[in-house]
Amino acid sequence: MLIATFGFFGMHDIVQIGVFLLALTLLTPPLGAFMAKALNGERNFLTPVFGGLERRFYRICRIDPGQEMDWKSYLLAVVAFSLVGLVALWLFQVTQAYLPLNPQHLPNVSWDLAFNTAVSFMTNTNWQSYAGETTLSYFVQMAGLTVHNFVSAAAGMAVLLALIRGITRKSTEGLGNFWADLVRMTLYVLLPLSIILTLILVGQGTVQTLSGYAHVTTLEGQKQVIAVGPAASQIAIKQIGTNGGGFFNANSTHPFENPTPLTNFFEVLAIILIASASVYTYGKMAGAPRQGWVIWGVMLAVFCIMLGVSLYSEYNFHPPYVSTPSMEGKETRLGVTNSILWEVTTTVTSNGSVNSMHDSLSPLSGMVALVDMMYGEVIFGGIGSGLASMLLFVLLTVFIAGLMVGRTPEYLGKKIEAYEVKMSVIGVLAPGAAILIFTAVASVTKVGLSALNNGGPHGLSEILYAFTSCAANNGSAFAGLGTNTVFYNITQGIDMLIGRFVPIVAYLAVAGSLAKKKSVPPSAGTFPTDSMLFGFLLIGVIIIVAALTFFPVLALGPIAEHFLMLAGKTF
Amino acid sequence: MDKKSDLRLTSTFDRKIVLQALVDSVKKLNPKTLVRNPVMFVVEVVAFISTYVVIREIVTGHESLFNIQITFWLWITVLFANFAEAIAEGRGKAQAEALRKARSETMARRIDDGKETRVNALDLRKGDIVVCEAGDVIPVDGIVIEGIASVDESAITGESAPVIRESGEERSAVTGGTKVLSDRIVIRITAEPGSTFMDKIIGLVEGAKRQKTPNEIALTILLSALTIVFLLAVATFPPFMIYSGKASGTSVHEFITLPILASLLVCLIPTTIGGLLSAIGISGMDRLIRKNVIATSGRAAEAAGDVDVLLLDKTGTITLGNRMASDFIAAPRISVERLADAAQLSSIADETPEGRSIVVLAKEKYGLRAKEVRDVGATFIPFSAQTKMSGVEIPATDGIGPRSIRKGSGEAIKKYVADLGKTFPQSVQKNLEEIARQGSTPLVVVENGDVLGIVQLKDIVKGGIKERFAQLRKMGIKTVMITGDNALTAAAIAAEAGVDDFIAEAKPEDKLGRIRGEQANGHLVGMIGDGTNDAPALAQADVGIAMNSGTQAAREAGNMVDLDSNPTKLIEVVETGKKLLMTRGALTTFSIANDVSKYFAIIPAMTGTLYAFGKPFGPLAALNIMRLGSPESAILSAVIFNAIIIILLVPLALKGVKYRPVGASAVLRRNLWIYGAGGLIAPFIGIKLIDILINALKIV
């Protein structure tokens with residue numbers, strides 16, 4: 001039985017993955033259709049529940065939800081909102097000792113760690129340089145982090161909605177209202193889903209309490225402090241909102257966060273569900289479901305390729321002195337397949353929660369996690385931002401394909417011209433540029449290297465992973481790198497800001513430009529973007545862009561490590 | 001014709017042009033001009049840096065043959081790209097030279113207050129009056145205000161048959177540089193020096209005023225962005241190498257020298273498309289010129305590829321210019337032979353193509369030999385606008401009474417018959433309607449007031465035009481026929497020719513309205529026109545091709561001029577525009593796909609000794625899947641391949657990627673296989689071959 005569970009890839013593994021993919025496929029259309037309705041302010045079955053709250057909110061904040069914003073106003077609203085959230089969260093942390101709900105009397109957080117954490121949660125990254133249970137008070141976790149877990153996800157969705165409107169509307173400036181998008185996403189999508197998931201988790205035994213840490217005496221008579229807290233509710237939104245910042249430092253490997261196989265299944269599904277459904281929402285809003293399905297198919301295909309490579313690598317992992325597959329860094333309750341499914345899911349989306357130590361993955365499996373993030377979290381990706389970045393890739397693919405068929409490229413009837421190309425490449429390539437620059441600096445400077453626990457190619461992978469995770473707003477860690485230093489807190493903070501806001505500027509600029517354009521009706525000379533052929537081309541463009549940018553550094557990191565492992569040497 | 005300058009004749013690889021291009025490619029090394037091409041500018045900068053390294057090495061006595069060769073090939077890369085551009089420009093330059101020479105030698109006879117003075121053509125101003133007689137070259141563009149002359153326009157059209165230019169509305173425009181063959185005309189100059197039609201052509205064929213087209217700008221942005229990313233990938237590589245060197249205890253400094261990094265960068269940035277981009281643009285214009293179409297801007301040539309609605313005049317484009325007699329339909333109790341005979345008699349003096357076609361049909365169908373008007377002593381009654389009839393009066397001979405034959409439209413004949421107090425048969429009226437329904441024009445023939453029957457005149461749709469329109473449909477282009485005919489006739493011809501839509505009884509303003517309507521729906525409209533009344537529509541259309549035979553107004557309104565005045569040219573223009581875009585797209589894909597193999601050549605060469613732990617090669621040597629001889633030969637092979645692929649693709653850039661009207665998906669699939677998959681595989685083979693050669697020659 002033990003061998004059957006850990007030894008090789010068997011039928012039950014296929015069933016687990018199959019059930020996951022089936023559940024994802026079945027839930028995508030209904031949730032996507034619901035979001036298309038609710039997020040555009042149409043009446044839906046939750047209107048009786050939240051409609052009053054929504055209207056009251058608009059009244060108090062003096063918001064006219066019908067007031068259209070052009071792309072610059074929309075951007076200004078996003079940035080202003082994020083900045084206020086950033087400053088507030090930073091202030092909460094550096095003053096937490098004086099604030100309520102701090103039963104453990106945790107001291108104020110240092111300025112640089114507070115900056116890193118504030119940026120991290122505001123940008124939907126949830127990189128954690130701190131250990132949750134020993135650094136942050138309940139107040140900061142709830143009023144600060146949990147709020148950001150909701151609104152950073154909602155803001156991501158809002159910019160996607162603006163981009164979709166830009167693509168689908170004709171001859172207008174208006175991209176919708178940021179405040180209305182933000183409120184609707186939070187109220188109608190994130191909140192209900194979080195409540196459902198919280199109930200499931202609590203039902204399965206995930207901790208949810210506001211009392212102080214438990215002091216127990218173990219069977220051996222030892223005194224032990226067991227950290228508890230309002231975990232279930234925060235875990236729900238951490239998964240639903242592609243946030244990933246765990247309540248406990250061990251994240252979803254911790255039995256209080258992820259107690260049973262069932263919670264594991266729902267948590268991993270929750271990571272990817274909204275991102276997947278939003279692709280359906282896009283097809284619905286564009287009035288062309290096939291356009292959505294082709295993009296969804298591309299995402300699923302790349303997801304499966306990545307999962308396959310990672311599983312293959314794990315089950316053929318041959319470190320010299322460990323059994324195959326390696327259980328190092330994995331939770332025995334969950335096993336290899338579930339760990340790898342989670343690994344790939346959490347890195348393709350910008351979630352970043354973990355249920356195993358990515359640092360201990362086989363080299364190629366670790367590279368899968370890296371590459372997932374390197375192509376900019378476009379395979380499902382973060383809430384909103386994933387599909388939005390994918391749409392930038394779509395525009396670039398359309399541009400190249402359009403030239404190859406001899407026609408000024410157009411997407412859904414909108415001509416793709418110099419401005420859209422410019423903004424799309426900036427949005428797609430800026431995070432990659434940040435990754436390369438910061439990793440290069442860290443890999444040859446004392447401040448960068450002093451944080452490193454491992455040597456050899458693995459050390460390079462660790463630094464690379466840290467900056468890749470931040471630029472991709474993922475937040476998962478390879479660990480092995482003590483990043484709570486001023487150097488890493490600041491550089492990673494900047495890395496996260498670039499990874500979040502440069503693409504957002506690009507989405508909205510593209511949206512603004514496309515919204516103004518007339519729509520060209522398709523003809524036989526127009527290249528259809530809802531075909532398999534386009535899907536293949538899109539996959540090719542995504543992989544080639546990532547591969548060409550990162551091949552040299554990947555060669556020196558995980559690829560070198562892989563070949564060395566085959567030669568019997570590990571790091 | 002000694003100065004015959006048919007734009008089509010000059011060959012691209014003329015020896016003189018190649019020599020000139022070689023000189024120009026060196027001149028183009030000037031960074032000030034090269035900076036307009038960001039990709040190649042980067043190559044030049046790193047070539048400079050590499051040169052500096054080599055010179056320093058030579059001065060200090062540490063010269064390395066490898067670095068010298070690398071540097072040499074970096075410069076060759078830039079020169080090859082320059083050569084591609086120069087050769088594309090060369091043809092145009094040679095052409096422009098000939099045209100300019102002809103113009104500067106021209107003298108003009110200016111008339112001031114009745115006095116004639118000889119002045120240089122360059123001194124003429126707008127509004128001046130000049131006179132030209134047989135043998136004179138028309139100095140500058142103008143309008144004939146007096147007289148009629150035959151003019152040889154071969155200098156701009158390549159067509160040696162002379163054309164008639166006369167005062168009045170339709171054929172009054174004359175072009176500077178053309179030659180009066182007979183008679184005398186007085187011309188009012190309409191263009192300032194430097195802005196004449198000939199000046200424009202010179203500027204265009206020379207490529208001097210070439211501006212980047214919208215798609216070219218967009219592509220340049222994409223290529224620049226890729227260049228920046230690769231610059232970052234290469235610039236950040238030394239730190240990673242230093243880290244890895246330390247971690248593995250290996251010395252890496254000999255692998256991160258400036259020439260090697262320069263090689264890596266130049267191989268990665270899209271030099272293939274970057275080097276050929278402007279050549280593709282120039283040759284696109286050039287291909288139009290070869291088809292005897294002058295585009296007033298590259299933008300127009302590119303827009304032609306996007307046209308999805310074509311407005312075509314029926315006459316001359318879809319149908320042969322003239323209607324032809326196709327059938328005789330006799331009235332009740334009249335023999336067809338009698339009708340044919342009368343119709344033939346009434347047409348023997350009628351020199352119009354329609355008239356001649358009646359004579360021919362009668363002869364072919366009923367063996368009636370055409371008689372001469374003089375033989376029968378008849379008087380021909382020409383067509384007049386008042387009666388809308390023509391005919392013949394034959395005096396009585398041999399017992400046959402005088403015959404008065406008329407033919408004309410149904411309406412005109414009805415009136416004629418009624419005036420003579422006779423009746424117009426009901427069945428003939430029915431036939432009239434039936435014929436109109438078929439899209440033909442009926443002519444009623446009447447003798448001495450008795451209606452004999454109808455001659456059916458049919459529009460003859462040009463051979464092969466239906467297939468052409470089917471092709472256009474596959475290309476995604478809708479065709480709209482414009483005709484002055486009534487709706488019935490128009491529908492019948494539209495069906496026969498296979499156009500998608502038509503506008504019947506069209507007035508000039510209908511064309512304009514239709515163009516605006518299509519544009520409002522997001523379509524790009526192309527049209528071809530010649531008359532002054534076409535000018536607004538030509539100006540409104542996205543691609544307006546004016547026929548050179550047309551009026552000055554029309555030529556100025558359009559953004560292309562067809563020197564052959566051939567209306568079907570529009571289709572070829574669209575194909576040329578598509579080819580232009582496709583060539584860019586295909587070479588971009590090729591260029592990017594190439595990078596994969598270059599990584600597999602250069603990265604293992606640079607990193608192969610890392611983590612070797614005492615052995616000669618470390619784990620990353622496994623990436624050397626091409627099994628290239630040595631690190632040096634691997635890097636050099638990649639650089640050489642990168643340079644020579646530019647020169648190998650010059651013919652493709654100039655000729656353009658093949659276009660087949662088979663629908664967008666099929667075109668894309670084909671191009672992806674050839675340029676995408678081909679771009680992945682070809683360099684693996686190329687680099688390997690070069691590596692074998694280098695190792696055989698032992699040059700590194």
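Below, chain A is the first sequence line, B the second, and so on; all start at residue 1.
- Contacts of B:Thr607 with chain A are made by side-chain atoms alone, with heavy-atom separations under 4.5 Å and no backbone atom involved.
- Both the backbone and the side chain of B:Leu668 have a heavy atom closer than 4.5 Å to some heavy atom of chain A.
- Of all the listed residues (B:Leu524, B:Ile228, B:Thr588, B:Leu623), the one sharing the greatest number of non-hydrogen pairs under 4.5 Å with chain A is B:Leu623.
- Side chain of A:Ser513 to main chain of A:Val510: no donor-acceptor pair is present (N/O by atom type, distance under 3.5 Å, no hydrogens or angles).
- Of the listed residues (B:Pro604, B:Pro239, B:Ala247, B:Ser244), the one with the most heavy-atom contacts under 4.5 Å to chain A is B:Pro239.
- A donor-acceptor contact closer than 3.5 angstrom is absent between the side chains of A:Thr408 and A:Glu417.
- No other option in B:Asn215, B:Ile603, B:Val667 has as many heavy-atom pairs under 4.5 Å with chain A as B:Asn215.
- A:Ser389 and A:Tyr507 form a side-chain donor-acceptor contact under 3.5 Å, judged by distance and modelled atom types alone.
- Residue contact with chain A, scored on non-hydrogen atoms closer than 4.5 Å, involves the backbone and the side chain of B:Met241 alike.
- Per-residue counts of heavy-atom pairs under 4.5 Å with chain B were compared for A:Val545, A:Val441, A:Val428, A:Leu429; the largest is that of A:Leu429.
- Each of B:Leu610, B:Ile242, B:Leu580, B:Leu672 has some count of heavy-atom pairs under 4.5 Å with chain A, and the biggest count is that of B:Leu672.
- Note that OG1 of B:Thr220 and CD of B:Glu216 are 5.5 Å apart. Values are rounded to the nearest 0.5 Å.
- Across A:Leu396, A:Val553, A:Ile559, A:Val425, the residue that shares the most heavy-atom pairs under 4.5 angstrom with chain B is A:Val553.
- Proximity to chain A (any heavy atom under 4.5 Å) is restricted, for B:Arg473, to the backbone atoms N, CA, C and O.
- Taking a cutoff of 4.0 Å between a charged side-chain nitrogen and a carboxylate oxygen, B:Lys578 and B:Asp306 do not qualify as a salt bridge.
- With a 4.5 angstrom heavy-atom cutoff, B:Ile602 does not touch chain A via any of its atoms.
- From A:Phe536, atom CZ reaches atom CZ of B:Arg669 across 10.5 Å, with rounding to the nearest 0.5 Å.
- For A:Ala567, no part lies under 4.5 angstrom from a heavy atom of chain B.
- Residue A:Ile544 touches chain B through its side chain alone, counting heavy-atom pairs closer than 4.5 Å.
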Q) Hey, mind stepping through B:Asn671 and B:Thr589 against side chain to side chain donor-acceptor pair (under 3.5 Å) and telling me if it holds? A) CA-CA 9 Å; B:Asn671 284 341; B:Thr589 309; over 6 Å; no
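- At a 4.5 Å heavy-atom cutoff, the contact between A:Leu537 and chain B is made by side-chain atoms alone.
- Contacts between A:Leu464 and chain B at a heavy-atom distance below 4.5 Å are absent for every atom of the residue.
- The parts of A:Val405 that come within reach of chain B are both its backbone and its side chain, each placing non-hydrogen atoms under 4.5 angstrom from that chain.
- A:Ile435 does not touch chain B: none of its heavy atoms, backbone or side chain, sits under 4.5 Å away.
- Contacts with chain A were tallied for B:Gly676, B:Ser665, B:Gly618; B:Ser665 has the most, counting heavy-atom pairs under 4.5 Å.
- A distance-only check finds no donor-acceptor pair linking the side chain of B:Lys478 to the backbone of B:Asp501 [under 3.5 Å].
- Proximity to chain A involves both the backbone and the side chain of B:Phe240, based on heavy atoms less than 4.5 angstrom apart.
- Only the side chain of A:Leu533 comes within contact range of chain B, with at least one heavy atom under 4.5 Å from a heavy atom of that chain.
- Contact annotation for A:Lys170: neither backbone nor side-chain heavy atoms come within less than 4.5 Å of a heavy atom of chain B.
- Annotation: maximal heavy-atom pairing with chain A below 4.5 Å, among B:Leu219, B:Ile592, B:Ile217, B:Leu268, occurs at B:Leu219.
- Listed for the B:Asp308 side chain is no donor-acceptor partner under 3.5 Å among the backbone atoms of B:His523.
- The aromatic rings of A:Phe534 and A:Tyr411 sit parallel to each other, their planes meeting at less than 30°, with 60° as the upper class boundary.
- For A:Lys516 (side chain) and A:Thr172 (main-chain N/O), no donor-acceptor pair under 3.5 Å exists by modelled atom type.
- Proximity to chain A (any heavy atom under 4.5 Å) is restricted, for B:Ala520, to the backbone atoms N, CA, C and O.
- Inspection of the B:Asn594 and B:Thr272 side chains reveals no N or O donor paired with an N or O acceptor under 3.5 Å.
- For the set A:Pro457, A:Ser171, A:Ser519, the count of heavy-atom pairs under 4.5 angstrom toward chain B peaks at A:Pro457.
- When heavy atoms are compared at a cutoff of 4.5 Å, B:Tyr675 does not approach chain A at all.
- Using a 4.0 Å cut-off between a side-chain N of Lys or Arg and a carboxylate O of Asp or Glu, A:Lys414 and A:Glu420 do not qualify as a salt bridge.
- A distance-only check finds a donor-acceptor pair linking the side chain of B:Thr479 to the backbone of B:Asp500 [under 3.5 Å].
- Taking the charged nitrogens against the carboxylate oxygens, B:Arg584 and B:Glu302 do have a contact shorter than 4.0 Å, which makes a salt bridge.
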